[in-house]
Amino acid sequence: MHDFYSDTQTRPTRAMREAALDAPLGDERHDADPPTLELCARVAGMLGMEAALFLPSGTMCNEIAIAVHTRPGDEVICTRESHIIFAESGGPAALSGVMMHPIDGERGMLTPEQVQAAIRPRSAHAPRSRLLVAEQTANLAGGAIWPLGQLTAVAQAARDAGLATHLDGARLLNAQVATGIPAAAYARGFDSAWIAFTKGLGCPVGAVLAGSRDFVAEAWLLKRRWGGAMRQTGVLTAMCLYALDHHVARLAEDHALARTIGARLAGLPAIARVLPVETNIVIVDLAEHAPDAREAARQLRQGDVTVTVVGPRRLRMVTHLDVGPADADALVAAIGALG
Ligand SMILES: *Cc1c(COP(=O)(O)O)cnc(C)c1O
């Protein structure tokens with residue numbers, strides 16, 4: 001199988017599994033699990049935040065952050081293509097009772113002017129604009145990287161108007177590796193931020209959400225209430241620590257492979273357009289005469305190549321630990337053979 005469906009498809013390596021074998025364990029909800037405490041401290045440091053907590057998924061990071069920052073009836077400003085809108089099962093409405101205020105961004109990014117225009121004047125009639133959420137990198141924009149100045153300016157525009165700010169950093173470390181700008185610099189304007197361990201870092205479970213001590217205390221309350229508090233999480237977080245030591249710098253390899261794939265696909269008749277490739281995501285639009293995205297994905301699957309359909313004529317391919325140049329050859333050949 002040549003699996004370009006997502007960077008979530010990785011299996012933990014043997015060395016990663018071995019890192020969990022001898023980990024000292026305790027009950028995380030009594031602050032007694034050493035690898036989990038170490039991981040939270042490390043990620044808080046990487047993001048320039050006071051504290052952090054370990055959660056089962058990135059979705060829970062986003063949903064807990066939204067719940068902590070808002071009250072029911074508040075409005076959340078983000079781009080229309082945000083993960084919190086398209087892929088969290090209606091969580092913001094169901095769990096926090098908030099309204100979404102989607103904005104059409106440019107490659108998954110907003111300008112400070114757009115944010116200012118979206119913030120509602122205080123009034124007894126309008127919902128209260130309360131939270132800005134940004135994604136670094138922007139998933140459905142093809143892993144695009146917000147320039148640091150733009151990300152900071154957008155966060156500042158929200159803060160100037162009294163809004164809270166949250167950074168969905170599922171692939172924040174991809175941005176760090178691609179640009180050399182530390183994750184903490186990207187997170188600086190934000191009240192909360194998180195990184196995923198199940199994407200490019202290759203772990204089976206986990207994400208870490210960081211913020212102020214008060215924010216993390218509130219987040220812990222919801223983690224317990226929503227059933228996210230666990231016990232000997234060290235078997236998971238020891239693997240996350242291993243990934244921080246061994247799987248961050250190598251994200252550059254994923255980026256190089258994605259760039260190669262993008263360049264090769266751009267020359268194929270079936271492809272009308274390749275979105276700029278900045279990190280580990282390649283998004284293409286199929287040409288008029290080519291099959292539509294669903295049919296293309298079906299044909300590719302028959303050749304043991306998996307991709308994601310992200311629009312009627314749009315496919316997404318993601319590079320990760322478990323795909324290499326030979327898989328890229330298979331992918332390019334299969335797309336070349338679409339008919
Ligand atoms: C994958 C992803 C999430 C959710 O993470 P899960 O661990 O799959 O719940 C959130 N935001 C973005 C941008 C993602 O790519």
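Counting starts at 1 for both ligands and their atoms, in listed order. All values derive from a computational prediction rather than experimental measurement.
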Exercise. How about His69 and Ser192: does a side-chain donor come under 3.5 Å of a side-chain acceptor?
Worked result: yes
Seminar exercise, completed: atom 7 (O) of ligand 1 has as its nearest protein heavy atom Gly58 N, 2.8 Å
Exercise. Backbone, side chain, both or neither: what part of Met60 comes under 4.0 angstrom of ligand 1, heavy atoms only?
Worked result: neither
For this session: Kindly write out the residues that satisfy ring-ring contact (aromatic ring centres under 6.0 Å, His included) with His2, not counting sequence neighbours, or none if the list is empty.
Result: none
Exercise. With no hydrogens and no angle check, is any side-chain donor or acceptor of Gln302 less than 3.5 Å from a backbone partner on Gln299?
Worked result: no
Exercise. Counting each atom of ligand 1 from 1 as listed, which ones have a heavy atom of Thr59 under 4.0 Å away?
Worked result: 4 (C), 5 (O), 6 (P), 9 (O)
Exercise. Quick one: which ligand 1 atoms are inside 4.0 Å of a heavy atom on Ala170?
Worked result: 2 (C), 11 (N), 12 (C), 13 (C), 14 (C), 15 (O)
Exercise. Can you list the atoms of ligand 1 that are under 4.0 Å from a heavy atom of Glu135?
Worked result: 13 (C)
Problem set entry | Per-atom contacts of ligand 1 with Ser57, taking only distances under 4.0 Å to non-hydrogen atoms | 7 (O), 9 (O)
For this session: Consider every N or O of Asn139 and every N or O of ligand 1, then say whether any pair is closer than 3.5 Å.
Result: yes
Exercise. Do any N or O atoms from the side chain of Thr179 and from the backbone of Ala175 form a donor-acceptor pair under 3.5 angstrom?
Worked result: yes
Exercise. Taking heavy atoms and a distance under 4.0 Å, where does Asn62 meet ligand 1: side chain, backbone, both or neither?
Worked result: side chain
Problem set entry | Short N or O distance, Trp194 and ligand 1, threshold 3.5 Å exclusive | no
Exercise. Okay, side chain of Ser6, backbone of Gln9: is any donor-acceptor separation there less than 3.5 Å?
Worked result: no
For this session: Answer yes if the side chains of Asp27 and Gln232 hold a donor-acceptor pair under 3.5 Å, and no otherwise.
Result: no
Problem set entry | Protein contact to atom 4 (C) of ligand 1 [nearest heavy atom, distance to 0.1 Å] | His83 CE1, 3.4 Å
Problem set entry | Short side-chain to backbone donor-acceptor contact, Arg29 and Ala229, under 3.5 Å | yes
Problem set entry | Pairing residues for Arg71 by the salt bridge (Lys or Arg N to Asp or Glu O under 4.0 Å) criterion, not counting sequence neighbours | none
Exercise. For atom 11 (N) of ligand 1, what is the nearest protein heavy atom, given as residue, atom name and distance?
Worked result: Asp168 OD2, 2.6 Å
For this session: Look at ligand 1 and say whether Lys199 reaches it with a heavy atom at a distance under 4.0 Å.
Result: yes
Exercise. Are side-chain N/O atoms of His166 and Asn62 paired as donor and acceptor at under 3.5 Å?
Worked result: yes
Exercise. For ligand 1, which part of Phe197 has a heavy atom less than 4.0 Å away: the side chain, the backbone, both, or neither?
Worked result: neither
Exercise. Any heavy atom of Phe86 sitting closer than 4.0 Å to ligand 1?
Worked result: no
